Amino acid sequence: MTPPKKKAGAKKAGAKKAGAKTSGAKKAAVKKQADVKKGAAKKKQAGVEKAPAVPAPVEPVPAVPFSPALGAGDRERLLHGTHHDPHGVLGAHPVPGGVVFRALRPFARSVTVVAEGLRAELHDDGDGFFSALLPLTDVPAYRLLVAYEDTTVETEDAYRFLPTLGDLDLHLIGEGRHEELWTVLGAHPATHQGVSGTGFSVWAPNALGVRVAGSFNFWDGTGFPMRSLGSSGVWELFVPGVGDGELYKFDIARPDGTHTLRADPLARRTEVPPATSSIVHTSRYEWGDAEWLDRRAETPVHEAPFSVYEVHLPSWRPGLTYRQLAEQLPAYVRDLGFTHVELMPVAEHPFGGSWGYQVTGFYAPTARLGTPDDFKFLVDALHRAGIGVLMDWVPAHFPRDAWALAEFDGRPLYEHEDPLRAAHPDWGTLEFDFGRREVRNFLVANAVYWCEEFHIDGLRVDAVASMLYLDYSREPGQWTPNEHGGRENLDAVAFLQEMNATVYRRCPGVVTVAEESTAWDGVTRATHHRGPSGFGGLGFGLKWNMGWMHDSLQYMSHEPVHRKHHHHEMTFSMVYAYSENYVLPISHDEVVHGKRSLVSKMPGDWWQQRANLRAYLAFMWAHPGKQLLFMGQEFAQGAEWSEAHGPDWWLLDPAYPAEPDHRGVRDLVRDLNAGYRSAPALWQLDTDPAGFQWVVGDAAEDDVFAFLRHDADGTPLLCVANLSPVVRHDYRVGVPDDVPAWHESLNTDAERYGGSGVAHPDPLKPEPQGWHGRPASIRLALPPLATLWLRPA
């Protein structure tokens, strides 16, 4: 608002009055100042600049002294474990006036900075904080002298070190493409910037803060906050002086401010359950299996002998360690002639009754049997005995233990954020979120880890069907269709394809095996080959043939008088035998939980049960596909398997009256493996229809099956099974006319196996009488409940 004119005029009049009182000297000064201004204006117009007049001096504002002590906000966040950048405020930092030193050492009485020519005690700021501003021009190489009530410790300052992860590591983690994830996350003893210690790092993107707690700091992580590395979600801290054998966990501040103490997801060693801490570990094992690895990839698995002995390590010989097992298991498996062992899950798991299928330590062999290097010793011993090592791998789900992966950083992280997608309906566990790239990376790198670090020759992937289908064991309304309206879990498909492609690219000679119980198209098809369903193959090398297992065991469980009505259960497998690359599995799943042991599934008295078992095993070894047999079944254990006591080895004690019965079955298994290895017809064309021909597949009234197997050169092997309890004399079987004579290479009715001894000691010459659509035939005396193998004489 403009003041009234009269008031303005009054103001001028007042100014004139005041001017009348001005002294002559003052007038002269004012005039001089006006002249200066006029002159400056003229020069400015002429383009000449003159320095401005010096302003009147003012009183200097006193400088606020720099306080080395932390502000209240930083103190509060550090004490509560919610600081994302502790390295920015702790340690030594140049500031105006010198270098500020700050330390967080709870319970310390004093902290002193020690350097060359320097010894300065920091001020105690309370709550474990110490600080000082020292008049230095540069940060020196210093150490901390920390005095406690009863001891004094000289140590490096953890907050003077650069991160142990590089930009490339963080980029690959963010992309979900770090194929050697175990080399950067977890706990890694190392010399960093010339100092020995351990670098800790963990992925926890939802955490407000993370600290390391362990045996080296009395499980109080207050003084060991980790820094957040940008937007990667990775937290990191190098702790000087910490080395092998130290226990640790991560103290995570969740989004709601509460804390949770978690085992390291990438721990490479753990405590013995039920203890749950992670252990800092460096491997010092020196391998001796270079020759095995060099020739492992010479022949594709599909074209090589592949018979597998499945083992639950903790109960094979209860009480033995990895190194003690290495003294017994390779010799036993080699004596029986198996080409591979398959180890039920060895990754750490809290509940032994899960047999290892509920994993909490995906990167750590179970500590129940020894250290990671001890496990390497066992694998090495098996390789040096000429035995490949497969292991069960469980990427489908994980348990809900509060110290492990479930809601790891306070929110769903490894599991799907949708509770319906996360909860596994059968096992009370959580399913992995296969759509999250960091989770996929965790699992893909884990598969590579076992193959590269432990020289594992194959991964049998558990519960693939539960991964592939969104509606697996779920009722309508309990699942949401995929983006195309289907029930396929597209994220899981992409994960399995990536895992297989990565393992096969990085690990020559390694095979992946799917335990997949449905008719999913292309489980063992290459990932870049699309099938009728529109999906590329999953990329597995082999698949368990659950259909054959179910049908054949169903047939064998019938009394022989009824078998003619179920003949198709033994022949149907050949309808789809070449749709995938198959393994024929008689696994642990078939001999537990009321299913009875393999010999106990067989009908009849004890003699007939053993005869049925022997005939079945020889039929199985001759059938297209690879073989797998669970421990204890090789000597006809009558009881179901129990992880509490393992196989009934006492059955093989010579003092036991029925010992010959059990030894006879084991001797047969040994001879099956020997005959199998020596007959390329039984494995060379396993995945090629040219390797198999029915001779007679419809003799239902006789309970007889006969077929030919061929190797790449056309050399045949004839398999004839009589699954009735009577001898069939002069049983004519059609054969090719280009084989001059056949000789019986295996007979499960041999007396040394416990059979009746009906055999063919002399070569069998074909007769020119056509039979079964073939130009020649031979006449056999088919033993009761027995299988014969005949090879060209």
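Keep in mind it's a predicted model, so treat the numbers as computed, not measured. Computed from heavy atoms alone, side chains included, the values below leave out hydrogens, waters and symmetry copies.
You'll find the side chain of M499 stays beyond 4.5 Å of the side chain of Q497, heavy atoms only. A 4.5 Å side-chain heavy-atom check between P365 and K376 finds every atom pair outside the cut-off. In this structure the side chain of R160 reaches within 4.5 angstrom of the side chain of Q193, judged on heavy atoms. Taking 4.5 Å as the limit, every side-chain heavy atom of P412 sits out of range of all side-chain heavy atoms of D433. Annotation: side chain of D426 is in contact with side chain of Y472 (closest heavy-atom distance under 4.5 Å). Taking the side chain as every heavy atom from C-beta outward, L122 and S131 never approach each other to under 4.5 Å. Looking at heavy atoms from C-beta onward, W203 lies out of side-chain contact with L266 at the 4.5 angstrom threshold. L343 places a side-chain heavy atom less than 4.5 Å from the side chain of V389.
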Verdict with reasoning, Y142 to L118, per side chain to side chain contact (heavy atoms under 4.5 Å, CB included): CA-CA 9 Å; Y142 70 96; L118 173 67; 5.9 Å; no

Between D244 and R284, is a salt bridge (charged side-chain N to carboxylate O under 4.0 Å, His left out) present by the stated rule, with each step listed? CA-CA 11 Å; D244 281 2; R284 293 179 173 83; 2.5 Å; yes

For the pair F362 and L405, evaluate side chain to side chain contact (heavy atoms under 4.5 Å, CB included) and give the outcome as yes or no after the intermediate values. CA-CA 10 Å; F362 281 81; L405 295 182; 3.9 Å; yes

Kindly determine whether T480 and R421 satisfy side chain to side chain contact (heavy atoms under 4.5 Å, CB included), including the steps that lead there. CA-CA 8 Å; T480 304; R421 288 279 297 272; over 6 Å; no

With side chain to side chain contact (heavy atoms under 4.5 Å, CB included) as the test, would you mind laying out the steps for R268 and H188 before giving the verdict? CA-CA 10 Å; R268 289 168 294 156; H188 296 277; 3.3 Å; yes

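Checked options F442, Y363, W393; the residue passing with Y449 is Y363 (criterion: ring-ring contact (aromatic ring centres under 6.0 Å, His included)). Of the candidates F454, F375, F377, Y322 forms a ring-ring contact (aromatic ring centres under 6.0 Å, His included) with just one, namely F375.
Pairing each heavy atom of G356 with each of P345, the nearest pair is O-CB, 3.0 Å. Of all the heavy atoms in V184 and L165, the pair that sits closest is O-CD1, 3.8 Å. Contact detail for V242 and F216: the closest heavy-atom pair is CG2-CG, 3.6 Å. The two residues G91 and D157 have their closest heavy-atom pair at CA-OD2, 3.3 Å. Heavy-atom minimum distance, G98 versus L133: C-CD1, 4.0 Å. Shown here for P205 and L413, the closest heavy-atom pair between the two residues is CG-CD1, 3.6 Å.
T429 and Q358 share no donor-acceptor pair across their side chains, judged by distance under 3.5 Å alone. Using modelled atom types, one finds a donor on one side chain and an acceptor on the other under 3.5 Å when comparing R262 with T260. N500 and T512 form a side-chain donor-acceptor contact under 3.5 Å, judged by distance and modelled atom types alone. Judged by distance alone, the side chains of S277 and E271 do bring a donor and an acceptor atom under 3.5 Å apart. Between the side chains of T371 and D373, no donor-acceptor pair of N or O atoms lies under 3.5 Å. No side-chain donor from either of E643 and S315 sits under 3.5 Å from a side-chain acceptor of the other.
Crowding of R505 atom CZ: a count of heavy atoms from other residues, nucleotides or ligands under 6.0 Å exceeding 12. Atom CD of E417 is surrounded by 12 or fewer heavy atoms from other residues, nucleotides or ligands within 6.0 Å.
Side chain of H87 to backbone of L162: no donor-acceptor contact under 3.5 angstrom is found. At least one donor-acceptor pair under 3.5 Å links the side chain of S278 to the backbone N or O of D264. Of the possible donor and acceptor atoms, one in the side chain of R437 sits under 3.5 Å from a partner among the backbone N and O of G174. For the pair R400 (side chain) and G428 (backbone), a donor-acceptor distance under 3.5 Å is present. The main-chain N or O of D251 is never found under 3.5 Å from a side-chain atom of R211 such that the two would form a donor-acceptor pair. Side chain of H349 to backbone of A347: a donor-acceptor contact under 3.5 angstrom is found. Of the possible donor and acceptor atoms, none in the side chain of R105 sits under 3.5 Å from a partner among the backbone N and O of Y148. Of the possible polar contacts, none joining the H192 side chain to the P240 backbone as a donor-acceptor pair under 3.5 Å is found. Looking only at distances, a side-chain donor or acceptor of R474 sits under 3.5 Å from a matching main-chain atom of L420. Using modelled atom types, no side-chain atom of T198 and backbone atom of A187 make a donor-acceptor pair closer than 3.5 Å.
Look at D85 and R227 and you find no salt bridge, because none of the NZ, NE, NH1 or NH2 atoms lies under 4.0 Å from a carboxylate O. Taking a cutoff of 4.0 Å between a charged side-chain nitrogen and a carboxylate oxygen, E348 and R368 qualify as a salt bridge.
H397 contributes atom NE2, which lies 6.5 Å from atom OG of S466 (distance to the nearest 0.5 angstrom). Atom CG in L70 sits 6.5 Å away from atom CG in L90 (nearest 0.5 Å). Atom-to-atom distance recorded for L170:CG and L229:CG is 5.5 Å, nearest 0.5 angstrom. A distance of 12.0 Å separates NE2 in H84 from CG in L208, rounded to the nearest 0.5 Å. Interatomic distance, D409 CG to W235 CH2, rounded to the nearest 0.5 Å: 10.0 Å. One distance of note links CD of E76 with CG of D127; it measures 9.0 Å at 0.5 Å rounding.
Ring-centre distance between F432 and F398: below the 6.0 Å cut-off. Taking the six-membered ring where the residue is Trp, the centroids of H588 and Y357 are separated by under 6.0 Å.
Under the 30°/60° scheme for interplanar angles, the aromatic rings of F200 and F250 are found to stand perpendicular.
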